[in-house]
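These notes are about the structure you will find just below.
In this text, all values refer to a predicted model and were calculated from it rather than measured experimentally. Below, chain A is the first sequence line, B the second, and so on; all start at residue 1.
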There are 2 protein chains.
Amino acid sequence: MAMNPKPALPVRKSEGSKPVQRPQDVRRVNRASVLELLRERPCSRSELAQMLGLSKPALGDLIGDLLEQNLLLEDTPTPVQRGRYPAPLRINPRRFCVLGLDLSVDNCEAGLYNPLGEPLEILQTFSGVGQGAHEVYRRLLRASREVLSKASMPVAAVGVAAPGPINFEQGQILAPPHFPDLHNMYLVEQLQRDLGLPVYLEHDSAAVARQYLGSTPAENFIYILLHRGIGAGIVIGRQIYRGQHGFAGELGHVSIDIDGEPCPCGNRGCLENIAGTTAIELRYGRLTRTGLELSAIAALAHSGDPVAQLAFEQAGRALGWAAVNLVNLFDPELLVLGGPGAAHADLLIPSLRHHLNTRAYPYLGWGEHLPIEVDTLPKPVGIGAAEYALGAVYRGEIPLPLWERGSA
Amino acid sequence: MAMNPKPALPVRKSEGSKPVQRPQDVRRVNRASVLELLRERPCSRSELAQMLGLSKPALGDLIGDLLEQNLLLEDTPTPVQRGRYPAPLRINPRRFCVLGLDLSVDNCEAGLYNPLGEPLEILQTFSGVGQGAHEVYRRLLRASREVLSKASMPVAAVGVAAPGPINFEQGQILAPPHFPDLHNMYLVEQLQRDLGLPVYLEHDSAAVARQYLGSTPAENFIYILLHRGIGAGIVIGRQIYRGQHGFAGELGHVSIDIDGEPCPCGNRGCLENIAGTTAIELRYGRLTRTGLELSAIAALAHSGDPVAQLAFEQAGRALGWAAVNLVNLFDPELLVLGGPGAAHADLLIPSLRHHLNTRAYPYLGWGEHLPIEVDTLPKPVGIGAAEYALGAVYRGEIPLPLWERGSA
DNA sequence: ATATTTTGTTAGGCAGCCTTATTATATACG
DNA sequence: CGTATATAATAAGGCTGCCTAACAAAATAT
């Protein structure tokens, strides 16, 4: 089933920024802006109008639509200052929900999220790497159905994050190096058929970056996802950049050493063979002839073990090198470290920071001033996947499921 | 004069994509689209309507505006097929012109360009590196005024390309390593004052990329500018990406070797110290104890000199390494080589291509299929600078200068 | 009580697009 | 030569979505 030669259904391209060519598109744009602002915090009509630079009547009209669709709730006005009290508007957290899936090498996760992106119900299991496409997909579907059965509100869409590379046109996973079961799987088509919902597929690293957009005002940043591999979610103008073939951000396969060790990917000296979590474990293992897991090595490093510290330091140094190059190429506003490796960011950041401070193009000390944030959110990939689905609803790409009038 | 502590005039941010929030903005967007299409080739109203996906009446109306402003000319209908002949519309090449300036290390160039970006008049001289900010600016201004005096149509705006880094907010050149005369110069403010025209400042590498946009349909590509330094113009969705501080694309200071030679920029193993034109000259010089210029070395390489060939091959290999990393990070659709170094692209490309083919993330052979084009346009930087000014006119950011009615 | 301030709505208008119908200009062909 | 057909461009009327100006509502200040 995973090997269908061709997809039959039309496949949704996600995050498609349609051209703005007519007045109706303006409405779509403004509607999405309103919802994005309201995700941050409740606002009154006046406040929204001012923030967006639109007139009060225009905004009132727009809000009217959203209220009618029950996407927003209007709370009772609360005292603020003198003058009529503003009526706080907020997103209706019970209007609908979305399903967010994370299909990673060792994690198979299905979660329900409310319109604010908050988790309602999460089911985590193993993806079953090495047991074949059929089995992997079966687990994913089973988890999805189980979670869906618990939904207490209509489900609008599904977002799924998977390792790249991905063919977005066809909704097909191509050839993730550490997850051969998925090779050439038409994931979108299958899920759409089996779940009967619109499905949005995204890179895992793009998904986490998408998720992080919610908690940062940064316009241009790079989210470095540290796990066995290393991915980069590239955000430009608050848009995820995917590349021509949906392939951008393979930071793990950037070469740090032109004559380095060959990597299965074809390149040499790939970053992820030096700074990926597996690489850290292997390095420590080679030095000590043991086979500890990452967290154990981190614990040793914290308790002063110099070899364990070295293992992390070398990874940090390589990441620092990568960071310098990213800065000189992208000039981002922010770097974010996330994923399993980021749990031990305190061991990586000192050498990363040192490299960045001393080597990034030094004018005005942009290297020194570049903030590095650590994303500690528990399940960032699944949330990111859900965000894609949410975004589609916000942009009005998906017809909203019906709701029972009166169920505030 | 070049050291004004603060700029007084409001400085124009160039290429600012204003938000689309109201119906009028839709017009602006569609107007710019029409003009971009007509730059490629003359089209009829029907053809334009179909290409843009707009209705014929809407397009007719828009064209009416543009004709009224004399920005377009309507030629006599010519036989094409049966049915009424379409009236070809084209951009009026005599409606206005723009000034394009290139202030590079060894090139100081002022040119007039018509609305199609075609050069009308170009004056090339030396920038006077090492003679101080005052002298450099004097030369630029003098060349500008001399060229402007030859203008036979109203001048709408000025575009100027300079080496980075640049502070775009302030219109200030910061600290180009090879051109200390320019450090901290408020170029935009001075030019606006001295020329009395709106001025748009851009990186040299971004400018050439902007220029190349005119001759390629590619959405996402990277223009690699090979001169003493190496710059990258990053184009995403047919927009130049500048980075948070207008600093993106410093490809020359990406490190190819974490333990390589120190570079004045603070990093080690910088690409431009291996593959820049100066680096090639130096490498050949070290090997042969001579001091030839690049073109002489290239001539020797063509005539079979193995040392000269090696000097280019090593640069090509480093560029290939960079290309692989760019592909794995950006997944571009196209790479373009331009600038003085690109004149000898035939000596660089074989090893570059080899590296790219064997090492880029191999799925579907995207490395192998990635086209590499060589930009052979004679003065690409000046044209690129002019393009920025043209774009501003097309987007309607600049009030068009008056014209004498009747001067078709 | 009355003035003031702030929020939100109503009414009327403009811009820009669409659809449908009409006019203009050409070829094809009996 | 006249009519059918095809294509281009315009005209008329309508819808959407924004704006401004005026107004109604709801609170505080005095």
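A/Tyr85 has no side-chain polar atom (N or O) that falls below the 4.0 Å cut-off from OP1 or OP2 of C/dT5. The side chain of A/Ser46 contributes no N or O atom lying less than 4.0 Å from OP1 or OP2 of C/dT6.
Nucleotides of DNA chain D lying under 4.0 Å from heavy atoms of chain B occupy a range whose first and last members, 5' to 3', are D/dT5 to D/dC19.
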(request) Spell out protein contact along nucleotides 10-18 of chain C as letters: B when the base is contacted, S when just the sugar-phosphate is, - when no protein heavy atom is under 4.0 Å; keep the 5' to 3' order. (result) B----SSSS

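Here the straight-line distance linking atom CD of A/Gln211 with atom CG of A/Leu390 works out to 12.0 Å at 0.5 Å rounding.
A salt bridge is defined here as a Lys NZ or Arg NE, NH1 or NH2 lying under 4.0 Å from an Asp or Glu carboxylate O, and A/Lys56 with A/Glu47 fails to meet this definition. Salt-bridge annotation for B/Glu202 and B/Arg242: present, with a side-chain N of the basic residue lying under 4.0 Å from a carboxylate O of the acidic one. We find that B/Glu36 and B/Arg395 are not joined by a salt bridge, their nearest charged nitrogen and carboxylate oxygen being 4.0 Å or further apart.
The distance between the ring centers of B/Phe330 and A/Phe330 falls below 6.0 angstrom.
For the pair A/Arg238 (side chain) and A/Glu219 (backbone), a donor-acceptor distance under 3.5 Å is absent.
Contact of A/Arg84 with C/dT7 (side chain to base): a donor-acceptor pair of N or O atoms is detected under 3.5 Å.
For the 3.5 Å distance criterion, the side chains of A/Gln244 and B/Asn220 qualify, holding a donor opposite an acceptor.
A search for ring-ring contact (aromatic ring centres under 6.0 Å, His included) contacts involving B/Tyr113 returns nothing, not counting sequence neighbours.
Comparing A/Gly83 and A/Glu47, the nucleotide of DNA chain C nearest to each residue sits closer to the 5' end for A/Gly83.
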